[in-house]
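Right, one structure below, let's go through it.
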Protein chains: 2
Amino acid sequence: MVQGQRDNPDGRERLVRTAFVLFAEKGFDSVTVRDIAAASSVSVGLINHHFGSKDGLREAVDEFFIAQFEDAITGAATQELSTTLDPAEVIDAWIERHADDWPTIVAYFRRALLEESDWGFSLFQRFYGFVQATVMRMDAAGQIAPDVDRLWLPFLMMYLEIGTMVFDPYIKRVLGRSGYDRDLWQRRHRAYMSLIRRGTAGRRAAD
Amino acid sequence: MVQGQRDNPDGRERLVRTAFVLFAEKGFDSVTVRDIAAASSVSVGLINHHFGSKDGLREAVDEFFIAQFEDAITGAATQELSTTLDPAEVIDAWIERHADDWPTIVAYFRRALLEESDWGFSLFQRFYGFVQATVMRMDAAGQIAPDVDRLWLPFLMMYLEIGTMVFDPYIKRVLGRSGYDRDLWQRRHRAYMSLIRRGTAGRRAAD
DNA sequence: TCAAATACTGCACATTTGTTCAGTTTAGTC
DNA sequence: GACTAAACTGAACAAATGTGCAGTATTTGA
């Protein structure tokens, strides 16, 4: 039936995957239905047949993105929390697994944030909830000094987490390579953890 | 003659200021020349008369923005560095002075960064240079531990600085008010300084 | 094998949008 | 007050773009 179509890369699915890449690259408004149809090797009419409108296609692509993103992020998060492996190894494995789609996912993520759509907000909110949970866990473990601002800390940590996603195109131009290159990404993770724990100066009291 | 026009808010200047606000609110592509002309109470033709094209207008608006932004940022930075006043007072004065234009400036800044245009990159680069200089100054003053990653630190600090600019629309929806509200902005600044200096745990060694 | 449902095509249409340009108004100069 | 240059207008134009739809091909189920 209709659902069966999603298995083989024909028509509907090819449109979604192609549109996903094009939207990520150029933004929703800058991509025409003719571009998408041509890149998918189908006719323009097929878009409206399956999705009703260009906006309908966008919704489908949004869902597709969420699935990809969710998979990549929460997969990594739960893995990092639940395993006793060396974090560096976990990161390695994660990069290895998402090397291909990650740039597109990041690019799409950027667009979503820029557009201030409702679902972009829900994405932000989910991220916020995740970081907030991390903060509460750290707090319960006594890793956060009493005079640290509990309101801003989660936001600041979010900035640090999302920063590379949002600014990677510029990182690339400053450093000559992506912040998601294996070694750079690992270094970033260590630098991030270090900054969170003890800032730039002095060494932390215990542990 | 031509230059004299810039003094009184007629025609050309009104177009630039209006377009600045509209671009910041909706983005370049989503604003039509007719929107701009109508909001400026002039005819469509005048845009091409003065700027040659819609892109010409954008360039003029970019220049206008840079002037505003430069003024606001570097003014605050130099003031904060050179005065012996309480930083809180400096921030207060700064907020007071830019309360009106700041939201528009921030919104335009968001668009510029997320569009990946060349001049958006130069904006990023300028910011990067500024933060890097701060890091070097801190380093020279011995405020940075030897094992801190010198490559990532400037970027991470940038994320913290720019974060509120880029994500303020979402902050607004999470907290119910802008991160640039007087007290929130002050708290953010303190939280930022604290995080940079000593992280979340322990107290710093000296000072 | 037949029929109905669904995938798919591609042209036509209406709307939007940036640009052009011939004409009009305004402001400065001698 | 006449002359000129610049500011300004607004209708017309062409290109681009999303959508509708009548028709064709393909798949599905009995």
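Below, chains carry the letters A, B, ... as their sequence lines are ordered, and counting in each starts from 1.
Between B/Arg12 atom CZ and D/dA7 atom P there is a gap of 9 Å when expressed in whole angstrom units. Atom-to-atom, CG of B/Asp10 to C1' of D/dA7 comes out at 10 Å; the value is rounded to the nearest Å. Nucleotide D/dT19 holds its P atom 9 Å from the CD1 atom of A/Ile47, rounded to whole Å. Rounded to a whole Å, the CG atom of A/Leu22 is 13 Å from the P atom of D/dT17. The separation between B/Asp29 atom CG and C/dG18 atom P is 9 Å, rounded to whole Å. Rounded to whole angstrom, the span from the CG atom of A/Leu46 across to the C1' atom of D/dA25 amounts to 13 Å. For A/Asn48 and C/dC13, the CG to P distance is 17 Å, given to the nearest whole Å. Rounded to whole Å, the distance from CZ on B/Arg14 to P on D/dA7 is 14 Å.
In terms of position on DNA chain C, the residue among A/Arg34 and A/Ser41 whose nearest nucleotide sits closer to the 5' end is A/Ser41.
The side chain of B/Val33 has C/dG18 as its nearest neighbour among C/dG18, D/dC8, C/dA7. For A/Lys54, taking side-chain heavy atoms from C-beta onward, the closest of the listed nucleotides C/dT19, D/dT19, D/dC8 is D/dT19. Which of D/dC8, C/dT9, C/dC11 sits closest to the side chain of B/His50 comes down to D/dC8. Checked against D/dC8, C/dC8, D/dG18, the side chain of A/Ser43 finds its nearest nucleotide in C/dC8.
The pair B/Asp183-B/Arg177 counts as a salt bridge, with a side-chain nitrogen and a carboxylate oxygen less than 4.0 angstrom apart.
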For this session: Please assess B/Asp35 against B/Thr32 for the test side chain to side chain donor-acceptor pair (under 3.5 Å), listing each intermediate value before the final yes or no.
Result: CA-CA 5 Å; B/Asp35 290 339; B/Thr32 70; 3.2 Å; yes
For this session: Start with the C-alpha gap between A/Phe20 and A/Phe64, add the side-chain angles, then the distance that decides, and say whether ring-ring contact (aromatic ring centres under 6.0 Å, His included) holds.
Result: CA-CA 8 Å; A/Phe20 175 53; A/Phe64 177 76; 5.3 Å; yes
Exercise. Yes or no on side chain to side chain donor-acceptor pair (under 3.5 Å) for B/Ser178 and B/Asp181, after CA distance, side-chain angles and deciding distance?
Worked result: CA-CA 5 Å; B/Ser178 167; B/Asp181 277 6; 4.5 Å; no
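Between A/Trp119 and A/Phe65, the gap from one ring centroid to the other is short of 6.0 Å.
A/His49 has no side-chain polar atom (N or O) that falls below the 4.0 Å cut-off from OP1 or OP2 of C/dC8.
Nearest heavy atom pair, residue A/Leu160 against residue A/Arg188, reads O-NH1, 3.3 Å.
When A/Arg110, A/Lys26, A/Arg173, A/Lys172 are each tested for a salt bridge (charged side-chain N to carboxylate O under 4.0 Å, His left out) with B/Glu116, only one passes: A/Arg110.
Each end of the helix from C/dT1-D/dA30 to C/dC30-D/dG1 gets its own rotation axis from five pairs of C1' atoms, and the angle between them is 10° to the nearest 10 degrees.
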